[in-house]
Amino acid sequence: MTSPVLLPDHRLESTAVVAGNTTTRERGLTGANSYAREPGFDPVGHLLSHAPEPRRLDLCGGQGPALREASGRLPATARLTGVDLVGPLAPTPLPPSV
């Protein structure tokens with residue numbers, strides 16, 4: 001898989017597309033509804049290649065399936081934060097880094 005070209009902030013801010021055709025609330029890292037499939041991005045790979053202590057802010061991520069998956073692939077120093085306007089539908093324990 002080739003690395004996607006990320007848009008600079010000034011270009012991203014002017015685009016009308018902010019999400020893919022599937023919901024980001026239940027998007028995982030791999031599979032049919034995933035960052036790997038659409039938009040073709042590997043958040044864990046990106047974090048590992050750019051930060052010794054990875055940090056990620058996930059907005060509108062629902063119950064955080066991608067964050068939960070990522071926590072198992074990142075070092076213990078990682079800090080992952082999820083924010084969603086709708087509370088958890090079925091509260092489940094969080095991994096320590098989330």
Side-chain angles (χ1 to χ4, degrees):
M1 178 190 302
T2 60
S3 295
V5 176
L6 301 179
L7 294 176
D9 288 345
H10 71 278
R11 295 255 333 266
L12 186 60
E13 291 167 357
S14 66
T15 179
V17 178
V18 295
N21 65 356
T22 54
T23 179
T24 59
R25 297 197 79 235
E26 298 305 321
R27 180 170 283 166
L29 294 178
T30 60
N33 181 15
S34 69
Y35 286 100
R37 181 167 176 176
E38 186 184 345
F41 178 61
D42 176 10
V44 171
H46 180 77
L47 290 170
L48 289 173
S49 68
H50 289 87
E53 295 181 352
R55 305 284 187 260
R56 178 166 171 89
L57 174 61
D58 189 5
L59 301 174
C60 303
Q63 296 184 66
L67 289 183
R68 291 170 189 272
E69 285 182 61
S71 71
R73 296 177 47 198
L74 291 169
T77 58
R79 292 295 167 254
L80 308 172
T81 303
V83 177
D84 198 285
L85 295 176
V86 178
L89 302 176
T92 56
L94 295 172
S97 63
V98 177

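The first residue of the sequence shown is numbered 1, and numbering continues consecutively from there.
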Gap between atom CG of Leu47 and atom CG of Asp42 - 0.5 Å precision: 9.0 Å
Leu48 versus Arg73, closest heavy-atom pair with distance: CD1-O, 4.2 Å
Pro43 side chain reached by Asp58 side chain, heavy atoms, under 4.5 Å: no
Thr81 vs Leu67 side-chain heavy atoms within contact, under 4.5 Å: no
Sub-4.5 Å side-chain heavy-atom contact between Thr77 and Pro54: yes
